[in-house]
Structure formats: C-alpha cells, structure tokens
Amino acid sequence: MTPPRKVEAPRAESYLIADARSAETAEDLTGDAELIRRSQDAPDVFAAVFDRHAPELHRYVTRRLGDSLADDVVADTFLAAFRRRGHYDVTRPDARPWLYGIAANLIGRHRRAEVRSYRAMARTGVDVVAESYTERVDAEVSASAAHRDLAVALAGLSAGDRDVLLLIAWADLTYDEVAHALGIPVGTVRSRLHRARKRTRAALGGVDPTAFDEEQDRG
C-alpha cells in the first residue's frame with residue numbers, strides 16, 4: 001500500500017519574508033517627505049531616511065572634518081533632524097538640502113579643526129579631502145601639488161564661501177538646494193560660488209577643478 005503523500009502547509013515565515021521585502025521595496029520608492037510625514041505617527045519610519053542619506057552625508061563630512069569628527073557630526077545631524085521632523089516642509093520631496101543644512105551648522109562649530117586639516121594637507125599634500133577635486137584636475141598638474149594648492153585655497157576661503165563651494169562640488173546640490181540648506185538667496189549662492197571658484201582656480205594655476213557648467217540650470 002502506498003503511503004499517503006505528505007502535503008506541507010504553507011510556511012507562515014515565507015509570507016512574512018515576502019511581505020517584509022515588499023514593504024522594503026515600497027519604502028525605497030517613497031519620497032523623503034512622505035517618510036518624514038509618516039514618521040510623525042510612526043517614529044521608526046524615520047530610520048529609512050537615515051539609511052538612505054547617512055552614507056553619503058558621512059563621506060561629505062569626512063572630507064570636511066576627517067574621520068575623527070564625522071561620526072559624531074552625522075549622528076548629531078540625524079538626531080536634530082528627527083527632533084525637528086515636525087517642522088519639515090513636506091512640499092520638498094528630497095530631504096538632502098535640509099539634512100546638509102543641519103550638518104553645515106554643526107560643521108560650523110568645528111571651523112578651526114577644518115582649517116587646521118586643510119593647512120595640514122598644504123604641508124603634506126596627502127589627504128582624501130581634496131580627492132574629488134584632483135580627480136578632475138588636468139593630468140599635467142601632479143596630485144600632490146594639487147592637494148597642497150587646493151588645501152591652501154580652501155583654508156583661505158570665508159566660511160560662507162567654502163560652504164557654498166563644497167555643498168555644490170562635493171554634495172552635488174543645486175543652487176536652489178544650497179540656498180534652501182543655508183537659508184540664503186540664490187543670488188548670494190551664485191556670488192559666493194563665483195568668489196570661491198576664482199580663488200581655487202588661481203590656486204591651481206588657472207585650472208578649474210570644479211568644472212561647473214554654468215549653462216545648465218542648477219537653480
């Protein structure tokens with residue numbers, strides 16, 4: 001007699017995994033503004049904003065302040081953002097300008113450390129801070145010399161000019177996004193960027209490491 005075939009009941013955990021993956025996919029497709037809005041009633045949802053933007057923000061802060069301060073600045077940025085989420089402008093789907101604006105204020109508390117790091121680079125010519133610039137410098141300019149010269153230029157910029165330059169060059173924000181992040185008019189962003197680019201070009205012998213295309217509308 002053939003024994004009856006064993007029929008396995010559907011495993012509940014399989015459905016749970018599938019539901020979780022569907023939820024993750026839906027969350028990935030949800031705009032920042034909606035996630036922040038939902039986090040008002042479900043605070044855990046804010047973790048998706050952190051997961052989405054923390055790695056990029058950490059790289060940016062590391063370039064500005066180095067590894068030793070980056071962890072604390074990024075953690076404090078998201079803590080402040082979480083506490084202020086009730087005031088977020090939900091008409092802006094991308095939270096990056098908001099987050100980078102908070103980070104800019106926190107970086108401002110370490111201006112001396114930032115300038116010291118640039119001066120150290122000027123002496124040694126070795127640091128990852130200028131990496132994104134020097135990758136785009138003409139091949140005839142040595143990387144070491146470019147690091148030194150650019151570091152001197154960055155150290156010599158005003159805090160406001162440096163913020164604008166690096167938010168555009170390293171954070172890849174548009175003029176409008178930088179204006180929103182720093183709470184200044186777009187015209188001020190343009191004037192500060194013009195001054196900063198002029199200084200960095202002069203430091204690199206006329207080479208423009210930022211390679212901005214002014215004909216593209218960035219805000």
field: Which atom of His180 lies closest to which atom of Pro97, heavy atoms considered
entry: CD2-CB, 3.8 Å

- prompt: Mind checking what makes side-chain hydrogen bond (donor to acceptor under 3.5 Å, both in side chains) contact with Asp71, not counting sequence neighbours?
  reply: His58

message: Using side-chain heavy atoms (C-beta onward) and a distance below 4.5 Å, is Arg38 in contact with Thr30?
response: yes

task: Output the distance between atom CG (Asp161) and atom NE2 (His194), rounded to the nearest 0.5 Å.
output: 10.5 Å

query: By side chain to side chain contact (heavy atoms under 4.5 Å, CB included), which residues pair with Leu79, not counting sequence neighbours?
result: Arg83

query: Tyr100 pairs by side chain to side chain contact (heavy atoms under 4.5 Å, CB included) with which of Leu182, Leu173, Val178?
result: Leu173

field: NZ or CZ of Arg63 within 45° of Tyr60 ring axis and under 6.0 Å
entry: no

query: Between Gly156 and Arg199, which heavy-atom pair has the shortest distance, and what is it?
result: O-NH2, 3.4 Å

task: Search all heavy atoms of Ala179 against all heavy atoms of Pro185 and return the closest pair with its distance.
output: CB-C, 4.1 Å

query: Do Phe46 and Ile36 come close enough that some side-chain heavy atom pair is under 4.5 Å?
result: yes

query: If you look at every heavy atom in Leu157 and Ala196, which pair is closest and at what distance?
result: CD2-CA, 3.9 Å

query: Is there side-chain contact between Phe82 and Pro43, with heavy atoms separated by less than 4.5 Å?
result: yes

Arg111 atom CZ, neighbour heavy-atom count above 12 within 6.0 Å: yes

- prompt: Who passes side-chain hydrogen bond (donor to acceptor under 3.5 Å, both in side chains) against Arg37, sequence neighbours left out?
  reply: Glu34

- prompt: Taking only residues two or more places apart in sequence or in another chain, which ones pass side chain to side chain contact (heavy atoms under 4.5 Å, CB included) with His53?
  reply: Asp32, Val49, Phe78, Asp94, Arg96, Leu99

- request: Could I get the full list of side chain to side chain contact (heavy atoms under 4.5 Å, CB included) partners for Val73, not counting sequence neighbours?
  value: Val61, Leu65, Thr77, Leu106, Ile107, His110

Val90 versus Ala33, closest heavy-atom pair with distance: O-CB, 3.4 Å

message: To the closest 0.5 Å, what do you measure between CZ (Arg84) and CH2 (Trp98)?
response: 8.0 Å

- prompt: Once you round to the nearest 0.5 Å, how far does CG of Asp163 lie from CD1 of Ile168?
  reply: 11.0 Å

- request: In sequence, state the C-alpha distance, the side-chain angles, and the governing distance for Arg92 and Asp176, and then conclude on salt bridge (charged side-chain N to carboxylate O under 4.0 Å, His left out).
  value: CA-CA 12 Å; Arg92 288 183 170 268; Asp176 177 72; 3.7 Å; yes

task: May I ask you to decide if Arg85's main-chain N or O and Gln40's side chain share a donor-acceptor pair within less than 3.5 Å?
output: yes

query: So do Leu166 and Leu154 actually touch side chain to side chain, heavy atoms under 4.5 Å?
result: yes

- request: Report the residues that fulfil side-chain hydrogen bond (donor to acceptor under 3.5 Å, both in side chains) with Asp76, sequence neighbours left out, ordered by chain and then residue number.
  value: none

- prompt: Are the side chains of Arg162 and Val115 in touch, meaning some heavy atoms are under 4.5 Å apart?
  reply: yes

